[in-house]
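To start, the structure itself, in structure tokens.
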Amino acid sequence: MNTPRFALPHIMVAQAHKEITHNEALAKIDALLHLSVVGTAVAPPTLTSADSGKCWIVGATSASGDWVGNENAIASWNGASWAMIDPVAGMRAWDHQAGVELRFLDGEWQQPATINDPQGGAVIDVEARLALVALLNRLRSVGMIGE
């Protein structure tokens, strides 16, 4: 039996080797809590035990190698093998490669919307334009909107 959202394993009554089930649940929690991914890829990178704990988002199409059939999943490296975790709607992840916060919506990982800097117009208000650009730059810097 597993939890409904992230399939964390329950410890069953009179279960032998409870530590295995407990450790599996802790590994998933460790990967998902404040989710941070190296980036998105369709093929697993070559890693060592020193890379333990690193996560990637498996690309939406044509995953290969150990990731075949796990498109859009979170791939968590435990130092020896990959653990695949299915995302749930509304999940967020910081993508170090893209420098933005991704959201899992409508069955796919989505980057924030982009907003262009204001330009032109019949009347140019320099102070207002500078304030809007400063606001947009701040939203970009914290990953709330894309470049």
Side-chain angles (χ1 to χ4, degrees), residues 1-119 127-147:
M1 188 164 199
N2 295 324
T3 62
R5 286 190 60 207
F6 291 112
L8 301 173
H10 285 164
I11 295 175
M12 306 308 291
V13 175
Q15 175 182 335
H17 304 291
K18 289 176 172 55
E19 68 277 3
I20 294 171
T21 301
H22 179 72
N23 290 342
E24 180 184 343
L26 285 177
K28 281 188 174 183
I29 291 168
D30 187 54
L32 295 172
L33 187 64
H34 303 293
L35 181 58
S36 174
V37 298
V38 174
T40 299
V42 294
T46 302
L47 302 174
T48 67
S49 60
D51 295 305
S52 185
K54 291 184 178 179
C55 296
W56 276 260
I57 291 175
V58 179
T61 59
S62 305
S64 63
D66 289 343
W67 293 359
V68 168
N70 290 292
E71 288 78 7
N72 282 319
I74 300 151
S76 177
W77 178 248
N78 68 15
S81 63
W82 293 101
M84 296 296 169
I85 305 166
D86 291 327
V88 297
M91 180 180 269
R92 298 170 185 227
W94 180 258
D95 184 330
H96 288 273
Q97 188 176 40
V100 296
E101 183 179 73
L102 303 175
R103 291 186 179 93
F104 190 75
L105 300 170
D106 300 322
E108 65 182 3
W109 289 99
Q110 299 178 12
Q111 288 195 359
T114 58
I115 301 172
N116 295 326
D117 290 344
Q119 295 180 13
E127 289 182 29
R129 184 168 294 171
L130 289 174
L132 286 171
V133 169
L135 175 61
L136 291 171
N137 286 337
R138 180 65 182 139
L139 291 172
R140 289 181 187 116
S141 74
V142 297
M144 291 186 70
I145 61 173
E147 290 293 325

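The structure places OG of Ser49 at 10.5 Å from CG of Asn78, a figure rounded to the nearest 0.5 Å. Distance CZ/Arg140 to CG/Leu135: 9.5 Å, rounded to 0.5 Å. In this structure, CD1 in Ile11 is found 11.0 Å from CD in Glu24, a value given to the nearest 0.5 Å. In this structure, CG in Leu47 is found 11.5 Å from OG in Ser81, a value given to the nearest 0.5 Å. From Leu130, atom CG reaches atom CG of Asn137 across 10.5 Å, with rounding to the nearest 0.5 Å. Once rounded to the nearest 0.5 Å, the distance linking CD of Glu101 with OG of Ser36 reads 11.0 Å.
A 4.5 Å side-chain heavy-atom check between Lys54 and Asp51 finds at least one atom pair inside the cut-off. With contacts defined as side-chain heavy-atom distances shorter than 4.5 Å, the pair Pro44/Trp82 qualifies. In this structure, Asn72 and Trp109 have side chains that are in contact, with non-hydrogen atoms separated by less than 4.5 Å.
Considering every non-hydrogen atom in both Ala73 and Pro87, the closest pair reads CA-CD, 3.9 Å. Closest heavy-atom contact between Val58 and Ala63: CG1-CB, 3.6 Å. Contact detail for Asp95 and Gly39: the closest heavy-atom pair is OD1-CA, 3.5 Å. When all heavy atoms of Ser64 and Ala43 are compared, the closest pair comes out as OG-CB, 3.4 Å.
In terms of modelled atom types and a separation under 3.5 Å, the side chain of Gln110 and the main chain of Leu102 share no donor-acceptor contact. Judged purely by atom type and a 3.5 angstrom limit, Lys18 uses its side chain to pair as donor or acceptor with the backbone of Gln15.
In Met84, the CE atom is crowded: over 12 heavy atoms of neighbouring residues, nucleotides or ligands sit closer than 6.0 Å.
Using cut-offs of 30° and 60° on the angle between ring planes, the pair Trp56 and Trp67 is tilted.
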Checklist line | Derivation of the side-chain contact (heavy atoms from CB on, under 4.5 Å) call for Arg103 and Met91 | finding: CA-CA 6 Å; Arg103 291 186 179 93; Met91 180 180 269; over 6 Å; no

